[in-house]
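Below, each value reflects all heavy atoms present in this structure, side chains not excepted, and no hydrogens, waters or symmetry copies. Whatever order the structure lists ligands and atoms in, that order sets their numbers, starting from 1. Numbering of residues begins at 1 and proceeds along the displayed sequence.
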Amino acid sequence: MSSIFSKIIAGEIPCYKVAEDDKHIAFLDINPVAPGHTLVVPKREVSYIFDMDDQELAEFNVFAKRVAKALEKAIPCKRIGMTVIGLEVPHAHIHLIPINVEADMAFNKERPEVDKTLMQAIATSVAKEFV
Ligand code: 5GP
């Protein structure tokens, strides 16, 4: 059975895509903890990030760095925070979150749905900065 992220990668479910290469994709989290909250996902469906082999994990992190650099340019913030949880979706992913204060990284707060037009505008602005 394929994960919800594999369905996104296959184009069966829409997403607000910000970046892609042959092995990875990055798209906005549907329930962002902060504006620009992005998920970086390997196209190969592996449940647990630390089951990735060394080279795959290294390439995944380098791709995440490129996405973080695009986020830095597109979203006013002090830093890009990075975290891995993986308790909800069993398909490895890195959360990249533009932050100004530590509380911006908090997952256990209310995460109101963001207007679709704003989500698309954020994704487009990050995608433009991705190199
Ligand atoms: P985790 O597995 O790291 O605990 O959390 C999974 C994350 O994926 C959550 O932040 C959740 O909002 C996000 N998420 C779950 N389903 C979807 C989806 O269908 N599309 C997108 N863009 N994000 C999702």
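- Residue D21 comes nearest to K43 through the heavy atom pair O-NZ, 2.7 Å, listed as atom of the first residue, atom of the second, then distance.
- Here the straight-line distance linking atom CZ of R79 with atom CD of E102 works out to 13.5 Å at 0.5 Å rounding.
- Among pairs with a residue in residues 65-90, none fulfils ring-ring contact (aromatic ring centres under 6.0 Å, His included), at least two apart in sequence or across chains.
- The ring-ring contact (aromatic ring centres under 6.0 Å, His included) search around F107 returns H37, H95, not counting sequence neighbours.
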Steps toward side chain to side chain contact (heavy atoms under 4.5 Å, CB included) verdict (D104, V33)
CA-CA 7 Å; D104 292 337; V33 302; over 6 Å; no
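- If you look at ligand 1, the protein residues with a non-hydrogen atom under 4.0 Å away are I4, F5, I8, F27, L28, D29, I30, N31, L39, I85, G86, L87, E88, V89, H93, H95, R111.
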Going by atom type alone, with no hydrogens or angles, which donor-acceptor pairs under 3.5 Å involve a side-chain atom of residues 122-131 and a protein atom two or more places apart or on another chain?
{"residue": "T124", "atom": "OG1", "partner": "Q120", "partner atom": "O", "Å": "2.8"}
{"residue": "T124", "atom": "OG1", "partner": "Q120", "partner atom": "NE2", "Å": "3.2"}
{"residue": "S125", "atom": "OG", "partner": "A121", "partner atom": "O", "Å": "3.4"}
{"residue": "S125", "atom": "OG", "partner": "I122", "partner atom": "O", "Å": "2.8"}

